[in-house]
Amino acid sequence: MGWVTDDGRHEGYAVAVLADGREASAEDNPGGNSAWWCFDGREGRPLAVGVRAACDCYLGGGSPRSDWRGATVFPVDFAADFEWTEGDDTRGPYAEWWRTHVTPAEAATVPGDVTELLDVVRARLAELAEERPLATLTAVARLDGLAQAAGVRAAGAAQRRGASWSDIGTALGVTKQAAHQRLSRHLAAGGATESP
């Protein structure tokens, strides 16, 4: 049983971690089940020493599915009560999944209305490029300026909220150095900025 975001883009769950540090899988269980609680050391199954948060991410729009794994291994003692519960939003794998994966991923997701507008602009510019190429180039120049201004404003807001140059680079699809090179001089003109 897992955790699914309202939009269905993220399906989180706990995975069993074995003593050698690898994740248990269905192949490790003679019964074929990969649920973390199956790895209790009985009936030929290996014993899990902990669990880790995991997510199957469905990015949509033809984007590939990506898998995320949490950094923390939460200890499991099958003979005692667990120190966490699977759906506890204050600690344990669910809390790590929500706080370190879902929340940042949702913050970086482009809203549907903006995606639709970008699709309309892309399609219209493609038509206009054949009909009126010089007008298209003028529109592209205006879009470049709008994009640059929006990028500077967004980078500044992201930094004020604690985002690093790595975070900004990831959002732009470039390295932190490329993001810094592209935006820092504009941010510096409007205020202080951190170095990469």
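Reckoned from all heavy atoms, side chains included, excluding hydrogens, waters and symmetry mates. Along the sequence shown, the residues carry numbers beginning at 1.
- No continuous path of hydrophobic side-chain contacts links Trp36 to Leu18 [ILVMFWY only; heavy atoms under 4.5 Å].
- Here salt bridge (charged side-chain N to carboxylate O under 4.0 Å, His left out) pairs that include residues 12-22, with residues two or more places apart or in two chains, are Asp20-Arg22, Arg22-Asp28.
- The distance from atom CG of Asp40 to atom CG of Asp77, rounded to the nearest 0.5 Å, is 12.0 Å.
- Cluster partners of Leu117, using a side-chain heavy-atom cutoff of under 4.5 Å among ILVMFWY residues and allowing indirect links: none.
- Counting only N and O atoms by type, the side chains of Thr170 and Asp167 include no donor and acceptor under 3.5 Å apart.
- Between Tyr94 and Trp97, the angle of the ring planes lies from 30° to 60°, which puts this pair in the tilted group.
- The CD atom of Glu43 sits 9.0 Å away from the CG atom of Asn29 when rounded to the nearest 0.5 Å.
- Between the side chain of Ser166 and the backbone N or O of Lys176, no donor-acceptor pair lies under 3.5 Å.
- Counting only residues at least two apart or in different chains, side-chain hydrogen bond (donor to acceptor under 3.5 Å, both in side chains) contacts with residues 121-130 comprise Arg124-Glu127.
- Phe39 approaches Ser34 most closely through the heavy-atom pair CE1-O, 3.7 Å.
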Verdict with reasoning, Leu143 to Val121, per side chain to side chain contact (heavy atoms under 4.5 Å, CB included):
CA-CA 10 Å; Leu143 281 173; Val121 170; 3.9 Å; yes

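- Residues passing the side-chain contact (heavy atoms from CB on, under 4.5 Å) test with Val152, sequence neighbours excluded: Gln148, Leu183, His186, Leu187.
- In this structure, Trp68 and His101 have parallel ring planes: the angle between them is below the 30° cut-off, well short of the 60° mark.
- Hydrophobic clustering (ILVMFWY, side-chain heavy atoms < 4.5 Å, transitive): Val76 and Phe74 are in one cluster.
- Using a 4.5 Å heavy-atom cutoff, the side chains of Arg9 and Thr109 are in contact.
- Considering OG1 of Thr103 and NE2 of His10, their distance stands at 9.5 Å, rounded to 0.5 Å.
- Put simply, Ile168 and Val174 are part of the same group of oily side chains (I, L, V, M, F, W, Y) that touch within less than 4.5 Å, one to the next.
- Note that CG of Leu125 and OG1 of Thr136 are 6.0 Å apart. Values are rounded to the nearest 0.5 Å.
- Counting heavy atoms of neighbouring residues, nucleotides and ligands inside a 6.0 Å radius, atom CZ of Arg132 does not exceed 12 of them.
- If you chain together ILVMFWY residues whose side-chain heavy atoms come under 4.5 Å of each other, Val114 ends up grouped with Val110, Leu118.
- Hydrophobic cluster membership differs between Val73 and Val51, with clusters built from Ile, Leu, Val, Met, Phe, Trp and Tyr side chains linked at under 4.5 angstrom.
- The distance from atom OH of Tyr13 to atom SG of Cys55, rounded to the nearest 0.5 Å, is 7.5 Å.
- Within the 4.5 Å cutoff, no side-chain heavy atoms of Trp98 are placed close to those of Pro93.
- Taking CG from Leu137 and CZ from Arg142, the interatomic distance works out to 14.0 Å, rounded to the nearest 0.5 Å.
- Side-chain atoms of Arg45 come within 3.5 Å of backbone N or O of Cys38 as a donor-acceptor pair.
- Judged by distance alone, with hydrogens and angles left aside, the side-chain atoms of Glu96 form no donor-acceptor pair with the main-chain N or O of Arg91 at under 3.5 Å.
- The salt bridge (charged side-chain N to carboxylate O under 4.0 Å, His left out) analysis of residues 108-121, with sequence neighbours excluded, yields no pairs.
- Residues Glu11 and Thr5 form no side-chain contact, since every pair of their non-hydrogen atoms from C-beta on lies 4.5 Å or further apart.
- Remark: Gln181 CD is loosely packed, at most 12 non-hydrogen atoms of other residues, nucleotides or ligands lying under 6.0 Å away.
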